[in-house]
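In what follows, a structure is listed as structure tokens, so that the remarks can point back to it.
Along the sequence shown, residues are numbered consecutively beginning with 1. Just so it is clear, the structure is predicted and the values come from calculations on it, not from any experiment.
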Amino acid sequence: MISRHSRQRLSSLTRRRLPLNMIFIFSLVLGLLLTPLGVSAGDPQVVVHKLQNLPNRLFYFDDTPVVMLHDPVTLSVMRSPDEGKTWEPISGPGEGEAVRLVDHPHNNDMAFIIGRRYTHWVTYNRGASWQSFETPREASLAGSTLSFHSERTDWILFQGVACEDTGSGKWGGGKTCWDETFYTKDAFRSEPQLLLTQTSQCLFARSSAAFVDSPESLIFCVAFDQSIKPGDGGMHSYKESRLYSSEDWFATKKFVDLGIGKKARGVVGLGVVSKFMVAALRVLDDGSKRATGGDPMHLYVTTDGIQWRQTKFPHSAMPDLKENAYTVVESTTHSIAVDILTSPAANIGTLFVSSSEGTYFVEALADTNRNEYGIVDFEQLVGLEGVGIANVVANREEVVGWGEAKKIRSKITYDDGSSWRRLKAPEKDLNGDDWACDRKDLETCSLHVHSVTVPHNIGRVFSSTAPGYVMAVGSVGESLLPYEDCDTFLSTDAGLTWRMVQEGAHKYEFGDQGSILVIVDDEEATDHVHYSYDGGRTWTQLDLGVTVRGLVLTTIPDSTSQKFILLGTFPRRDSSSGGRHAMIFLDFAPVQSRQCKDSDFERWYARSAEGKECLMGHKQWYQRRKLDAQCYVGHKFEDPVGHEENCACTDEDYECDFNYVRQDGECVAVGPEPVPAGTCNKKDDTYLGSSGYRKIPGNTCEKGSGKAKDDPVQKQCESARPENGKASHVVHEFPAVITQHQYFPESQTILLQLSDGSLMQSSNEGFSWKQLFEKETFLGVTMHSFSYERAYLLTNSRKIYYTTDTGKSWNSISTPMDPNNLGIPILDFHPTKPDWLIYTGSIDCQNTLSTSCRAVAYYSTDHGRRWKKIEEYVRNCAWARDKRLKIDEREIICESYRNKKGSQTSGDYNPIELIAGANYYSKKIKLFDAVVGFASFAEYLLVAQLNELAGTLTLQVSLDGYHFSEGQFPPNMRIDNRAYTILESSTDSVFLHVTMNQATNTEWGSIFKSNSNGTYYGLAVEYVNRNTAGYVDFEKMIGLDGIAVINVVANPSEADISGKKKIQTRITHNDGGSWKPMNPPARDSLGQEYDCTTTSCALQIHGYTERRDPKATYSSPSAVGLMLAVGNVGEELAPYTDSDIFLTRDGGYTWEEVHKDAHMWEFGDSGSIIILANDEEATDHVIYTTDEGLTWNEYAFGQTIRVQTIQTVPDDTSRRFMLIGTASGQSDKSILVHLDFSAITQTKCELSIEDPNHDDFELWSPSESREDQCLFGRQTMYHRRIRNKNCYVGERVVQPMTIVRNCTCTTSDFECEFNYRRDASGNCVLVDGASALSSDTEWEQCDGFSQYWYERTPYRKIPYSSCEGGERPDRGRRHECPGLIGGSAGLSGLFWGSVAILPFAFAGLAGWWYYTKGGRSGSIRLGEHRAFGGDTTSGVFATLASVPLFLIAIGQEGLAWITRKVPFLEDLFARRTPYRQVPIDDDAEILGNYEDD
């Protein structure tokens, strides 16, 4: 549907009109009692008319004092000749005959009353008298009964209803009805004639005064086949709806093919807005397609009624854009503004603005707020071109995904939607007090206003013809408060600055060109209004003499009068026989007796900012009454005259052209652009293409003599957009090695750092690149850990560049000292306060022989504007608070050297104390005398305490940052002198890897799994492989609970002697409860059987320890159940170069070989496309599949490179990829190949939760492939794309994760208790030499609410299991709890369930001295994986690999230096491996910040 949001104007520049029934349900009839109130000279006059009922139609004849109202119950009409002071019934139709009252939008003398049957009425003298006329059919009330010509005002179209008896009714009657359109050329003075039958809508091309280029008599009709009557229910199929035109009143009829021939059917909307006519077509579901794309609807536009063009929305820039509902909002004569419903379930859209011909649209504003009727929160300010106010939904993801309430924020544009800004909050509130927020921070403290989606008055919401005056009801803060919690605000400079003028919500109206403002309470009944003659600085109370609940406050449409109408309802106790409602006439003319002279006026210029008077290419000014002038303007019915003076064109007069986006102030292409027809016939041809810019439609700036910014430029045809169905690529050669690449999450913007210190940015997923700040040398890029749109570019000076809008713009801050080169993170971020930073620099550290080198930490709460010192001689300072560690948000924790003297790089033993500082470190408490490091993680603070005398480590955990408890380990499994790593903690248990054999090249260890509170650990699996560097072959499946893959050393004893490991792969589907070999496929990718037939044959795959690209994890966050791996079928793992690539679709239960040889891989578009690149040698092509490996296609990119990594957006939802590699003999340079597969299919996959049998997805459960139907005590279903569907997914499928049922408990829901292990028969038996825990669990189970507690057994229930009933081997003898006390006093012990902690490896105090110089130990904080994005059923935290102590991390800022030392280091900056940066010294061997959150 097209919904005309533009609400017709009552005069050329005045308010729009909303029917009253959009605001209230008016249902009572009119009865008038005239009650004038006594007034004295000089006072406003008040006249009260009591009404029995509320009207549903109230309008003024434009530029006249005549007002009309319609009563929907008695079906009668009243007229006032004096702006509402007196009322009288009209002559003509009697009571009960006036069904609808219609005004003529282009003739202020005419109005019409639609009657019940065939008789209707017209007035030619503003309602003073009425004449009846007859029509052959009854009026159709389903839409617009009458349509008008803007110039020939006597030309009118009438929509009627024809019916015929069918005899098919239930009782023998029944009839079928359809619409017919009639016309009159003399305003019904003669009988109307039939225009066309079987219509749904007809209108004149010139139904808008701006639509002047069409033939005068051109009429369009949306109609059906006249030979076919409607079907059952009187409804035609939309498939048969076509558009017809005629210039001779349909004596001849022309089919309008819209430029697409006979397929132009399915027309569902037609409208004229400004100089544009638009038609909406619904795409037929019979397989026919009118144009490329899988959009449900298409929009066509014409400016002359003859040539139609399909609108082009930027699908390349917005791959997930789906044209499914249009709202044409208030538009100018220069462009159309269209809002597309992009999130139907949440009523959220995206606003687009067209080019001057209405064809090419660019995104103007994302996440616009809409209501269920398609009305959009957007309104232009009257008389000011290009100025408008809109509301957006700030939390779209939460609203769409989790059903949260909308957080509405307001924005204003001064350039017709090309750019937007927040509304500045007033300096003070009404009482002169400061706001509760910092108004300098517009992100958290700005003005937000209620708009048109929930109207509280008729007419325009914000403005009138009063130049520069804007009023609104809103609130100051981070987002808009409910209406009843808001206040009333006023701006006299077109929204640039605001003042709060009244507490509480009020209805408001402008009069006398803004010289008088009137407001009335809109929260409760009142007996007065307030008015102001000085721009709202002072207000005078006017008593009404009655108490009413104000419903409508209005005046003549152009706001040039001093007379107003207040429509209200009496409180029930005050109602009388005279009526429950009141029409109150307010006349303020007596207040001012002097009419303004020239000296009372000032020239007012519209401004977009202080000193910026050019708007839309010209200066715009009005003569406006001075605010303190004691006079009235007068000139009733004369609109203020605007004056324009053109300006010279500047950059601000241009916006990004179609399919271009702004990057760091410049417009760059989002992908290859279409070429003009007839060009590019040869490979070396060129064509004239877009410069990337276009003048903002309607902008009148004057170009200079030189080349204009929007002049076309010559381009090579080889860079043009490929044909549909084909992929494309662009090759970029960089002069140095790419050492770091970072995506902004949920964005298409990427940052690249090169080894020469330069930095590149792409805003289109690598299609084009721009160097940032060419004269700077950058040490690294740091992404904000919690605010994903922010990033920081660290230079070798005291300047840091930052962005708060994903690289669209960059600013800089100054730091108090040079950045440190000690391996300490330069920046630390606060989880809830994006502007709160901690910066760590250094003093006297340039000279390696310095005796006073030390690190100094500072903090800022205003994003680097001001810095305050924290401490000197620190190894790490960080905010103590984490996302779920809800301790004092102002607490800072530092690792601080005990002896604050000398050089902290000297190597001398100097213990590190852990200091907690409340109130920004002003109140310090020493937590530990000596530590290795700390990490705040989830709701826990983890500390590695160093026992100085024993040279051992103890893990300490705290929930409040001050009180700590120690973790417990089995007595025969001491880990205080071993390397260990927390591997995973997303299922209410912790996996801990402990190195058992550290012999070089034969390393392996055991994995232990914790109980639910993380305090006790039991053996899960032995002999797990790790390498000399310390990485462990452990990886969990992303998106599916409980699935993990490991590699084990099958010959641990032999390997110690021979030095050669025999590696085998194991998989668990029950969270480590049991581990099994992986089932091999029966045949290889060539259809041959494998040369392995013993029972030991299994699929063996290469793990994390030998992966060249560590971020290429087996699975993807957006492709549920899919995994890829390089491996072989055999009894042990073969060398990497002898391996092939395998795929599973069911979470690792079954596998298939999809291609020979080892390949790198990457998932795209939630698994709908997978690409592979040869990982054994240099290659000039990739292979890709769109059916998950059933078939493969090759795509050559024309240059042979050794691929080092394949990248795409972090959540794997794009169809664009980057290959990064090097050419032969050029290892000092990087080559980046941008691959674009978005054109291979244009059909978007459909997901229908309500009708799952007719969409492109299937419901799948991991239980389909395993013996046990349940995992973690439940059976869960997931949505995944049907394998062979030729469609793309687009934005990530939000998995409902439907739990089909909770299952009965079985043995698989239980694991061995602490100090127990499973024997060969699967029973849990006590470990030799170990002691069982006490059987008394009263303190654990009697929580104040439980009735019984059970003695401990050798078994415990898997914490994550939700099974019910059945076997309970974890329960021993039952005992009654001592009593319900409403809470537990016994649960104050250690509870740290889902905690990922840090790896440490120390061999006594000597190890400490060694690491002091050789790579200081630190805390590794495992981060949140991008796949989970918050609290999910799988848990927030997921660790995909392992890092022992001697693989400590450094901050990203040291990357360029480290990469030269460790060439493969960049590969560890993976978006998939979720470790956060960790402090160590400059001789570290590896880094650990390879996440991208």
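Salt-bridge formation is not detected for the pair D1256/R1281: no Lys NZ or Arg NE/NH1/NH2 atom is positioned less than 4.0 Å from an Asp or Glu carboxylate oxygen.
A donor-acceptor pair under 3.5 Å is formed between the side chain of H732 and the backbone N or O of F767. T1208 places no side-chain N or O within donor-acceptor distance of the main-chain N or O of T1213, the cut-off being under 3.5 Å. A donor-acceptor pair is defined here as one N or O able to donate and one able to accept, closer than 3.5 Å; no such pair exists between the side chain of Y743 and the backbone of L751. Between the side chain of H1159 and the main chain of I1171, no donor-acceptor pair closer than 3.5 Å is present. At least one donor-acceptor pair under 3.5 Å links the side chain of D1165 to the backbone N or O of G1290.
Between the side chains of Q753 and Q742, no donor-acceptor pair is found at a separation under 3.5 Å. A side-chain N or O of T806 and one of K808 form a donor-acceptor pair less than 3.5 Å apart. The closest side-chain donor-acceptor pair between D657 and Y360, if any, does not fall under 3.5 angstrom. S1214 and E765 form a side-chain donor-acceptor contact under 3.5 Å, judged by distance and modelled atom types alone. Under the 3.5 Å distance criterion, with hydrogens and angles disregarded, no donor-acceptor pair is assigned to the side chains of E1177 and T1179.
Ring geometry for W1260 against Y1278 counts as tilted: the plane angle lies between 30° and 60°, on a 0 to 90° scale.
Ring centers of Y1195 and Y1184: at least 6.0 Å apart, outside the cut-off. F352 has its ring centre less than 6.0 Å from the ring centre of F313.
Residues V1126 and D1175 have side chains not in contact (no heavy-atom distance under 4.5 Å, counting atoms from C-beta outward). Side-chain contact between R1215 and T1241 is present, with heavy atoms from C-beta onward closer than 4.5 Å.
A cation-pi arrangement is absent between R1216 and F1237 under the rule of less than 6.0 angstrom and at most 45 degrees off the ring axis.
Partners of K406 according to the salt bridge (charged side-chain N to carboxylate O under 4.0 Å, His left out) rule, which considers only residues two or more places apart in sequence or in another chain, do not exist here.
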